[in-house]
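Here is the naming used below: chain letters follow the sequence lines, and residue numbers restart at 1 for every chain.
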There are 2 protein chains.
Amino acid sequence: MAIDVGDVLVALADPTRRQLLGVLAEQGRASATALATRLPVSRQAVVKHLNVLESAGLVAGARAGREVLYQVRTDSVQESARWLADLAATWDRRLLAIKRAAEAPVAPDRES
Amino acid sequence: MAIDVGDVLVALADPTRRQLLGVLAEQGRASATALATRLPVSRQAVVKHLNVLESAGLVAGARAGREVLYQVRTDSVQESARWLADLAATWDRRLLAIKRAAEAPVAPDRES
DNA sequence: TTGAAGTGCTACCCCAGGGTTGCACAATTT
DNA sequence: AAATTGTGCAACCCTGGGGTAGCACTTCAA
């Protein structure tokens, strides 16, 4: 179930969702209703956000009796961070190569 | 002008924008019209995306005669990656502390 | 000086998604 | 059994933003 970085980025792009993650990390585990009391939105909104976060692999929910307890999955956050760093590195190398080619003497090049 | 990670995440959340960044990194520098020919959207759409990316600090545009050439700024991507990694580390420590507290023996308050 | 190529801007369409309310159903508690 | 608490839909509103078309303006090359 390799994480989709696109989903992670979309999930993290929303401020309320980031705030929700912050509160959840602070609590350790918590239910949607419990989280809603510490956020400026309704319980249903929190549930929606939790679903998005769970689909992105940023959070895991497990039923415990009548309530569902959620928990942050820090590994997927770390994986996304690595992906971002790799992306930056790749672009860096490419840009460096281009710059070097531009400074090269008479390097023949194909371009359309 | 410290970058706003929220802006970066929003900017990277869009697939077209990521594709645009990819093409731009591949080209080194390019104008909006040039980029539009290599993307499935119109020139105006590309311009909009470039504005978003520039506001997020992911791209820099400079006028060159009658055209504006854009270029990827990899440092802000790297900075965001670091921010994400730090965030994951913080949450990790916090969750670990919570877990340890939960597993701790019921240390009763002893006093005499 | 004329025309082509590139940019800037405005208005507009359209829909994904963040937020809400309301109610039905399930699981505890008393 | 009744009241309480929590979850799970479903319908709905409304703004934001991705995308387009159209036109005015600027720069460069014949």
Asker: How many Å lie between CG on B/Asn51 and C1' on D/dG17, as a whole number?
Answerer: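 From B/Asn51 CG to D/dG17 C1': 13 Å.
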Asker: If the condition is salt bridge (charged side-chain N to carboxylate O under 4.0 Å, His left out), which residues does A/Glu67 pass it with, not counting sequence neighbours?
Answerer: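 None.
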Asker: Map B/Val52 and A/Ala32 onto DNA chain D by nearest heavy atom, then report which one ends up closer to the 5' terminus.
Answerer: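 Nearest-nucleotide comparison on DNA chain D picks A/Ala32.
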Asker: What's the CG-C1' distance between B/Asp14 and C/dC15, to the nearest Å?
Answerer: 14 Å
Asker: Output, in order, the C-alpha distance, side-chain angles, deciding distance and verdict of side-chain contact (heavy atoms from CB on, under 4.5 Å) for A/Val41 and A/Val46.
Answerer: CA-CA 7 Å; A/Val41 295; A/Val46 170; 3.8 Å; yes
Asker: Per the side chain to side chain contact (heavy atoms under 4.5 Å, CB included) rule, which among B/Val72, B/Val8, B/Ile3 passes with B/Leu58?
Answerer: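 In the set B/Val72, B/Val8, B/Ile3, the residue that makes a side chain to side chain contact (heavy atoms under 4.5 Å, CB included) with B/Leu58 is B/Val8.
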Asker: Walk me through it: do B/Leu35 and B/Leu50 pass the test side-chain contact (heavy atoms from CB on, under 4.5 Å)?
Answerer: CA-CA 10 Å; B/Leu35 288 167; B/Leu50 284 173; 4.2 Å; yes
Asker: For DNA chain D, which residues of residues 16-26 of chain A approach it to below 4.0 angstrom with any heavy atom?
Answerer: none
Asker: Is there a side-chain contact between A/Gln27 and A/Val23 in this structure, where contact means two heavy atoms from C-beta onward sitting under 4.5 Å apart?
Answerer: yes
Asker: Supply the atom-to-atom distance B/Leu20 CG to B/Leu53 CG, rounded to the nearest 0.5 angstrom.
Answerer: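 Reported value, rounded in 0.5 Å steps: 5.5 Å.
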Asker: Using a cutoff of under 3.5 Å, can you pull out all pairs of nitrogen or oxygen atoms linking the protein to nucleotides 2-5 of chain C, with atom names and distances?
Answerer:
from  : atom 1 : to      : atom 2 : distance (Å)
C/dA5 : N3     : B/Arg66 : NH1    : 3.4

Asker: Taking all atoms of both residues into account, what is the closest heavy-atom pair of B/Ala32 and B/Val47, and its distance?
Answerer: CB-CG2, 3.8 Å
Asker: Nearest nucleotide by nearest heavy atom, which residue falls closer to the 5' end of DNA chain C, B/Glu67 or A/Glu67?
Answerer: B/Glu67
Asker: Within residues 38-50 of chain A, find the residues that approach DNA chain C with a heavy atom at under 4.0 Å, and present them sorted by residue number.
Answerer: A/Val41, A/Ser42, A/Gln44, A/Ala45, A/Lys48, A/His49
Asker: Quick one: which residue pairs count as a side chain to side chain donor-acceptor pair (under 3.5 Å) with a foot in residues 34-51 of chain B, not counting sequence neighbours?
Answerer: B/Arg17-B/His49, B/Glu26-B/Arg38
Asker: In the structure I gave you, are the side-chain heavy atoms of B/Gln71 and B/Leu24 within less than 4.5 Å of one another anywhere?
Answerer: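 When only atoms from C-beta onward are counted, B/Leu24 and B/Gln71 do not touch, as no gap falls below 4.5 Å.
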Asker: For B/Ser31 and A/Arg63, find the nucleotide of DNA chain C closest to each by heavy atoms; which residue's nucleotide sits nearer the 5' end?
Answerer: B/Ser31
Asker: Just list the side-chain donor-acceptor pairs under 3.5 Å for residues 79-97 of chain B, sequence neighbours left out, or say none.
Answerer:
from    : atom 1 : to      : atom 2 : distance (Å)
B/Ser80 : OG     : B/Ser76 : O      : 3.0
B/Thr90 : OG1    : B/Asp86 : O      : 2.9
B/Asp92 : OD1    : A/Thr74 : OG1    : 2.7

Asker: For A/Arg18 and A/Leu12, indicate whether the former's side chain and the latter's backbone hold a donor-acceptor pair under 3.5 Å.
Answerer: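 Checked: pair present.
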